[in-house]
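Not measured: the values here are computed from a predicted model.
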Amino acid sequence: MTRGTVGGLPFVRRGEGTPTVLLPGVGPGRHHPSAWDRTLLRLETAALAHEVDLWTLGRRRGLPPGTTMHDLAGDVARAAAEISDGPIDVVGTSTGGSIALQLAVDHPSVVRRLVLVSAAHRLGDDGREAQRRVAAHLRDGDARRAAATMLAQTTTGVTASNLLRRFGRLAPHFVVGERHHDLLATLEAEDSFDVGDRLGAVTAPTLVVAGGADGFYPLDLVARTVAGLPDATLAVHRRSGHLGLGSRGVSREVLAHLTRAS
């Protein structure tokens with residue numbers, strides 16, 4: 001595992017094979033991941049790193065007020081141009097999926113294949129309201145409530161939601177970190193994100209992986225996203241909430257999409 005900066009974005013690189021960009025969801029927001037962050041990343045991406053040259057990109061530090069998803073996607077496009085001299089595979093999870101989809105809409109020639117995990121062309125109504133509450137708690141300096149709200153929204157199951165809420169209150173640094181400026185800027189950028197009327201611009205074959213109990217992206221919203229994409233496949237984990245690459249079976253589905261014949 002190597003670390004550095006590419007195109008102004010921090011990266012962690014692992015594996016060999018076809019260069020592939022991974023855009024993760026929101027998290028602690030450390031410019032360079034801690035040892036704990038790297039351990040979690042290693043576990044979550046182990047299957048992918050066995051098959052591809054995986055570049056996990058963070059976000060630019062010191063995001064200015066008014067940053068948009070278009071801006072964040074532009075950052076990724078510049079980094080991708082340094083990673084590969086041609087179109088590149090892009091995997092986005094959660095908020096990273098929003099950025100990945102914005103990238104595919106704004107810069108279709110950059111993306112060879114696209115994977116969206118727990119993402120859609122916009123946040124669901126409940127997910128948007130939850131993220132607004134997270135942002136409000138962060139502005140008030142209440143990281144515990146922010147983390148609890150963020151984690152509770154990952155599922156629609158009451159018992160699981162309550163357990164996650166408790167964990168967020170106990171360990172907010174694992175969820176929202178200590179410095180919140182860039183996290184707030186990213187949440188605010190996603191609040192207005194909606195490329196529903198531009199999905200036809202995406203030229204990359206796309207896999208969308210969704211959880212049936214995801215509190216951020218309801219299945220009907222995800223289905224509308226898939227229907228609007230020119231070449232898209234939907235994989236649904238009906239009993240799951242907000243999925244990540246480490247969720248059971250997800251990495252296998254992602255690899256099958258990335259490595260299938262053109």
(message) Donor-acceptor check, side chain of T225 to backbone of H121, threshold 3.5 angstrom: yes or no?
(response) yes

(message) Could you walk me through whether R145 and R169 satisfy the side chain to side chain contact (heavy atoms under 4.5 Å, CB included) test, starting with their C-alpha distance in whole Å, then the side-chain angles of each, then the deciding distance to 0.1 Å, before giving a yes or no?
(response) CA-CA 6 Å; R145 290 184 69 188; R169 288 184 178 277; 3.7 Å; yes

(message) In this structure, would V226 and V236 fall into the same cluster of hydrophobic residues linked by side-chain contacts under 4.5 Å?
(response) yes

(request) Decide whether V134 and L170 are clustered together by the hydrophobic rule: side chain heavy atoms of Ile, Leu, Val, Met, Phe, Trp, Tyr closer than 4.5 Å, transitively. (result) no

(message) Please check: side-chain N/O of T20 versus main-chain N/O of L54, any donor-acceptor pairing under 3.5 Å?
(response) no

(message) Looking at R113 and R260, would you say the former's side chain and the latter's main chain have a donor-acceptor pair under 3.5 Å?
(response) yes

(request) Applying side-chain hydrogen bond (donor to acceptor under 3.5 Å, both in side chains), name anything that partners E253, two or more places apart in sequence or on another chain. (result) H237

(request) Over 60° means perpendicular and under 30° means parallel, so classify the ring planes of H70 and H107, tilted if in between. (result) parallel

(message) My understanding is that only residues two or more places apart in sequence, or in another chain, count here; which of them pass salt bridge (charged side-chain N to carboxylate O under 4.0 Å, His left out) with R122?
(response) D125

(request) Could you list the residues that satisfy salt bridge (charged side-chain N to carboxylate O under 4.0 Å, His left out) with D214, not counting sequence neighbours? (result) none

(request) Mind checking the CG-CZ spacing from D182 to R61? Nearest 0.5 Å is all I need. (result) 7.5 Å

(request) Please lay out, stage by stage, how T186 and T67 fare under the test side chain to side chain contact (heavy atoms under 4.5 Å, CB included). (result) CA-CA 7 Å; T186 303; T67 294; over 6 Å; no

(request) Indicate yes or no for a side-chain donor-acceptor contact from S84 to the backbone of A80 under 3.5 Å, with no hydrogens or angles considered. (result) no

(message) So, taking the atom named NE2 in H50 and the one named CD in E16, what distance separates them when rounded to the nearest 0.5 Å?
(response) 11.5 Å

(request) Check the pair R132, D191 against salt bridge (Lys or Arg N to Asp or Glu O under 4.0 Å), reporting the backbone distance first and the verdict last. (result) CA-CA 8 Å; R132 287 175 178 173; D191 186 72; 2.6 Å; yes

(message) So which atom in Y217 and which in S98 form the shortest heavy-atom distance, rounded to 0.1 Å?
(response) OH-OG, 3.7 Å

(message) Let me confirm one number: the CG-CG distance from L103 to L23, rounded to the nearest 0.5 Å.
(response) 7.5 Å

(request) Spell out, as yes or no, whether a donor-acceptor pair under 3.5 Å connects the side chain of T68 to the backbone of D71. (result) yes

(message) Please check: side-chain N/O of E82 versus main-chain N/O of V6, any donor-acceptor pairing under 3.5 Å?
(response) no

(message) If hydrophobic clusters are built by linking Ile, Leu, Val, Met, Phe, Trp and Tyr wherever their side-chain heavy atoms come under 4.5 Å apart, do L163 and F216 end up in the same one?
(response) no

(request) Kindly say whether A152 contributes a backbone atom to a donor-acceptor pair with the side chain of S161 at under 3.5 angstrom? (result) yes

